[in-house]
Participant: 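My questions all concern the structure below.
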Number of protein chains: 2
Amino acid sequence: MEKELDDTDCPVTATIALFGGRWKLPILYILSKNTRRFGEIQVRVPSISKKVLTNQLRELEADGLISRKQYKELPPRVEYALTDFGKTLCPLLIDIAAWQRKSIDNLTKVK
Amino acid sequence: MEKELDDTDCPVTATIALFGGRWKLPILYILSKNTRRFGEIQVRVPSISKKVLTNQLRELEADGLISRKQYKELPPRVEYALTDFGKTLCPLLIDIAAWQRKSIDNLTKVK
DNA sequence: CTGTATCCTGTTGGATACTG
DNA sequence: CAGTATCCAACAGGATACAG
């Protein structure tokens with residue numbers, strides 16, 4: 001009866017690896033609303049540098065959560081969107097946002 | 001109509017700050033099952049050092065998600081448990097675990 | 001048992017400049 | 001516009017030793 005985490009500890013850890021990055025959840029949330037260009041994402045994630053944003057996007061792409069479509073134009077245009085797999089996270093994003101709204105008192109109280 | 005993240009981007013970020021640490025979600029999950037002593041947690045979170053575990057526990061405590069009860073015994077005993085506030089995260093933990101189970105194929109595929 | 005203190009290394013992330 | 005390249009500082013995290 002000491003096996004209670006074999007099914008959910010490692011899984012939880014694996015999931016965290018997907019969107020545990022400091023900016024990944026916000027990015028996923030933004031893309032859940034709209035396909036967005038690089039600059040649009042950057043504007044919507046305050047105080048993230050191009051370097052870090054690039055890195056986070058690459059990781060999300062490598063994990064199959066988002067897609068990257070590059071248009072061969074001048075000036076260049078790149079659009080990011082959730083993949084079908086990434087879209088399966090949307091309910092979770094909504095739950096997290098709902099939990100936060102419910103708990104905002106506690107959050108601000110501690111701060 | 002460009003306000004879609006004022007309500008949920010920052011909130012998501014704030015929530016991530018609570019359990020975004022690499023080990024926090026596993027720790028919370030473990031404590032959602034049982035009150036646990038320091039050593040018990042350490043055994044159940046593979047390859048976490050005492051230093052990091054201590055740090056994560058302190059942060060979770062500071063955020064009001066877990067409580068720390070120290071017994072003045074020899075040898076010392078310390079028990080960690082979810083606070084009422086921490087318990088409100090349980091449904092979220094369950095959702096995350098459920099999502100992972102549903103998506104394990106994609107997860108292993110990408111790896 | 002439950003930590004703290006110290007040292008040390010690797011990674012992360014900011015600033016800046018540059019490219020196609 | 002959408003990055004890449006480079007340098008650098010700060011912090012995270014492991015190993016080890018020690019303490020109450």
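First the proteins, then the strands, lettered A, B, ... as listed; each starts at 1.
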Participant: Expressed as a whole number of angstroms, how long is the span from B:F38:CZ to C:dT4:C1'?
Facilitator: 11 Å

Participant: May I ask you to verify if any side-chain N or O of B:R37 is less than 4.0 angstrom from the OP1 or OP2 atom of C:dC1?
Facilitator: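 For B:R37, the contact criterion (side-chain N or O under 4.0 Å from OP1 or OP2 of C:dC1) is not met.
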
Participant: Let me check the geometry of the helix from C:dC1-D:dG20 to C:dG20-D:dC1. What is the bend angle between the axes at its two ends, five pairs each, to 10°?
Facilitator: 50°

Participant: Within the 4.0 Å limit for protein heavy atoms, which parts of nucleotides 13-20 of chain C are touched? Write it as a string from 5' to 3', B for base, S for sugar-phosphate only, - for none.
Facilitator: BBB----B

Participant: What is the separation between atom CG on B:L57 and atom C1' on C:dT2, rounded to the nearest whole Å?
Facilitator: 11 Å

Participant: Rounded to the Å, how far apart are B:L53 CG and C:dG3 C1'?
Facilitator: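 Those two atoms, CG and C1', are 10 Å apart.
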
Participant: Tell me which one of A:V45, A:V43, A:L82 satisfies side chain to side chain contact (heavy atoms under 4.5 Å, CB included) with A:I30.
Facilitator: A:V45

Participant: Using a heavy-atom cut-off of 4.0 Å to chain B, what are the terminal contacting nucleotides of DNA chain D, in 5' to 3' order?
Facilitator: D:dG13 to D:dG20

Participant: Quick test of your reading of the model: are A:E79 and A:R36 salt-bridged, counting only N-O distances below 4.0 Å?
Facilitator: no

Participant: Hey, does A:Y71 reach any base, or is it just sugar-phosphate, or nothing, if we go heavy atoms under 4.0 Å?
Facilitator: nothing

Participant: To the nearest Å, give me how far apart CD (B:Q42) and P (C:dC1) are.
Facilitator: 10 Å

Participant: Could you tell me whether A:R77 sits above the aromatic face of A:Y71, with NZ or CZ closer than 6.0 angstrom to the six-membered ring centre and within 45 degrees of the axis?
Facilitator: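 Yes, cation above the ring, under 6.0 Å and within 45°.
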
